[in-house]
Student: 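Before I ask anything, let me first share the structure, which is written out below as structure tokens.
None of these values were measured; they are calculated from a predicted model. Worth knowing before you read on, the calculation uses all heavy atoms, side chains too, and leaves out hydrogens, waters and symmetry mates. Every number for a ligand or one of its atoms is a count from 1 in the order of the listing.
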Amino acid sequence: MGRAKKRLKHFKRRVKIKGGKRPKKGEAVSALVKKYWVQRYELFSKYDEGIKMDEEGWFSVTPEAIAARQAQRCSGGVVIDGFTGVGGNAIQFASMCHHVIAIDIDPKRVALALENATVYGVEDYIDFVVGDFFQLAQTLKGDKVFLSPPWGGPSYTKEENFTLDLLKPCDGYKLFQVAQTISPNIIMFLPKNIELHQVEELSWLSSPPLDMEIEEHLFNGKSKAVTAYFGDVAFCQ
Ligand code: ADP
């Protein structure tokens, strides 16, 4: 009995969050997202100023440094953010571009994105739209299209090679074709284990083929994700 108790104590000690910091009282963070919560300032540097997240947002928002890099490479013009989530990318595009149209099918996530944009003081540069990107595409006009479609949650890492057909709600080829009806200047944020030759194939869907550049994002020396830039946004450091 005494031994069992000791073991339990040991286990409890091990699950403590590194650094001893815990979410504030009233800040809902499930066991699953604690791992992401410790990285909160990497997701949003202004996290303490009123950033709002939902469970999915924790593991799907683009880390701020990556979002800022993508926006810096695509400065100016109107950007369509097709799957805005809790707004990490839209906020960064809004600080570098003339205007952003941020779309998400989930009204709760659009509401969170608006609140988060307000924290960064860029809400006036973003039109938030609740809707299905695939249905809205034909009505949209913009200079660049940013695509960060669902990767299927954290389990994407289990695939040795993440193929374009695993993107949700439809495969990456269809997604790319729909985006091209708006603009050939497309930025796609993709898992680190994406099948790169398939991404290359996307550029051949256009005639003549689009310029394409792949950028790998490293975090603490490890690959975190990749961004594919097509059209005028390729090779424009
Ligand atoms: P995952 O964690 O699987 O990568 P995300 O949370 O990144 O998923 O998904 C990105 C966002 O895309 C979500 O906020 C989701 O509501 C939104 N979304 C899904 N389907 C559509 C769609 N057809 N049109 C617009 N937004 C969509």
Student: Go through the side-chain N and O atoms of Tyr229 and Asn185 and say whether any donor and acceptor fall under 3.5 Å apart.
Tutor: no
Student: Salt-bridged, Arg109 to Asp54, with N to O below 4.0 Å?
Tutor: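 Judged by the 4.0 Å cut-off on N to carboxylate O distance, Arg109 and Asp54 do form a salt bridge.
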Student: Quick one: are Leu147 and Phe83 in side-chain contact, heavy atoms under 4.5 Å?
Tutor: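 Leu147 reaches Phe83 side chain to side chain.
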Student: Using the side chain to side chain donor-acceptor pair (under 3.5 Å) rule, take Asp104 and Thr84 through it: C-alpha gap first, then chi angles, then the decisive distance, then the call.
Tutor: CA-CA 6 Å; Asp104 202 286; Thr84 206; over 6 Å; no
Student: Heavy-atom contacts with ligand 1 below 4.0 Å: which residues, ordered by chain and residue number?
Tutor: Glu56, Phe59, Ser60, Gly82, Phe83, Gly85, Asp104, Ile105, Asp106, Arg109, Gly131, Asp132, Phe133, Phe134, Ser148, Pro150, Trp151, Gly152, Gly153, Pro169
Student: Any carboxylate oxygen within less than 4.0 angstrom of a Lys/Arg side-chain nitrogen, looking at Arg73 and Glu213?
Tutor: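 Yes.
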Student: Strictly under 6.0 Å, is that where the ring centroids of Trp58 and Tyr36 end up?
Tutor: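 Here the rings of Tyr36 and Trp58 have centres that are no less than 6.0 Å from each other.
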